[in-house]
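Below is one structure, written out as structure tokens, with a few remarks after it.
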Amino acid sequence: MTSSSSPSRKALSKIACNRLQKELTEWQLSPPAGFKHKVSDNLQRWVIEVTGAAGTLYAGETYQLQVDFPEHYPMEAPQVIFLNPAPMHPHIYSNGHICLDILYDSWSPAMTVSSVCISILSMLSSSPAKQRPADNDRYVRNCRNGRSPKETRWWFHDDTV
């Protein structure tokens, strides 16, 4: 993904900075299994390495998540996308956008980066087949001008994977 696909970002609020510092400290002490935070000096954008869980279609495969935090995190959900190449999955588009309700309509300020990562790994682990969403080509074509996944009206109809 290019930087043009990131949302226009305002500086983090004091609440967001404090919360992210706390989450980063907790992550460094006890990272979720299968994830590694790539250290940078940018608190507003995290890059996280994801390793597929053993016994799944993605076992041992490594992908990268980019997490962009909005000004009013955690009251507003972060934008989470897979960097190229995105895994083949029925809820992950080839441009890295993820169709997962907790990233949009079901977001709660009680969620953390760790809980989001665990949900994404669970989603990957439950997939019975490596395939793109049926509407992948149309969706990606409509996102060409850097549209954020947060601008999409997602239809959460399949909770089997």
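None of the values given here were measured: they were computed from a predicted structure.
Taking the side-chain contact (heavy atoms from CB on, under 4.5 Å) definition, one finds that V47 meets it with K38, Q64, L83, sequence neighbours left out. When the side-chain contact (heavy atoms from CB on, under 4.5 Å) test is applied to P133, the partners found at least two apart in sequence or on another chain are Y93, D135, N136. For E23, the side-chain contact (heavy atoms from CB on, under 4.5 Å) test picks out R19, W46, Y73, T112, V113, with sequence neighbours left out. With sequence neighbours excluded, the residues forming a side-chain contact (heavy atoms from CB on, under 4.5 Å) with T25 are L29, listed by chain and number.
Under a hydrophobic-cluster definition in which Ile, Leu, Val, Met, Phe, Trp and Tyr are linked whenever side-chain heavy atoms come within less than 4.5 Å, directly or via other members, W107 and L65 are assigned to the same cluster. Linking ILVMFWY side-chain heavy atoms closer than 4.5 Å, directly or via other members, places V67 and L43 in a single hydrophobic cluster.
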Mind listing the side-chain donor-acceptor pairs of residues 51-63 below 3.5 Å, one per line with the distance, residues two or more places apart or on another chain?
from: T56; atom 1: OG1; to: A53; atom 2: O; distance (Å): 2.7
from: T56; atom 1: OG1; to: Y58; atom 2: N; distance (Å): 3.2
from: T56; atom 1: OG1; to: A59; atom 2: N; distance (Å): 3.4
from: Y58; atom 1: OH; to: M88; atom 2: O; distance (Å): 2.3
from: E61; atom 1: OE1; to: Y63; atom 2: OH; distance (Å): 2.2
from: E61; atom 1: OE1; to: K130; atom 2: NZ; distance (Å): 3.2
from: E61; atom 1: OE2; to: K130; atom 2: NZ; distance (Å): 2.3

**OP:** Determine, step by step, whether C99 and Y139 satisfy the side-chain contact (heavy atoms from CB on, under 4.5 Å) criterion, reporting the C-alpha distance in whole Å, the side-chain angles of both residues, the deciding distance to 0.1 Å, and the verdict.
**Re:** CA-CA 12 Å; C99 181; Y139 176 79; over 6 Å; no

Original post:
For S94 and R132, what are the C-alpha separation, side-chain angles and deciding distance, and is it a side-chain contact (heavy atoms from CB on, under 4.5 Å)?
Top reply: CA-CA 7 Å; S94 59; R132 290 280 178 227; 3.5 Å; yes

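V50 places none of its side-chain heavy atoms less than 4.5 Å from the side chain of I120. Within the 4.5 Å cutoff, no side-chain heavy atoms of V80 are placed close to those of I48.
Here the shortest heavy-atom pairing between R45 and F69 reads N-CD1, 4.5 Å. Nearest approach of A16 to E71, heavy atoms of both residues: CB-O, 3.5 Å. Closest approach of A129 and P90 over heavy atoms only: O-CD, 3.8 Å. Between F35 and C117, the closest heavy-atom pair is CZ-O, 2.9 Å. Pairing each heavy atom of A33 with each of L121, the nearest pair is O-CD2, 3.9 Å.
Heavy atoms of other residues, nucleotides or ligands lying less than 6.0 angstrom from CD1 of I15 number 12 at most.
Rounding to the nearest 0.5 Å places CD of Q44 at 7.5 Å from CG of D68. Note that the CE atom of M123 and the CG atom of L100 stand 5.5 Å from one another [nearest 0.5 Å]. Rounding to the nearest 0.5 Å places OG of S125 at 11.5 Å from CD1 of I118. Here the straight-line distance linking atom OG of S106 with atom CE of M111 works out to 6.5 Å at 0.5 Å rounding.
Evaluation of the salt bridge (charged side-chain N to carboxylate O under 4.0 Å, His left out) test over residues 47-56, restricted to residues two or more places apart or in two chains, returns none.
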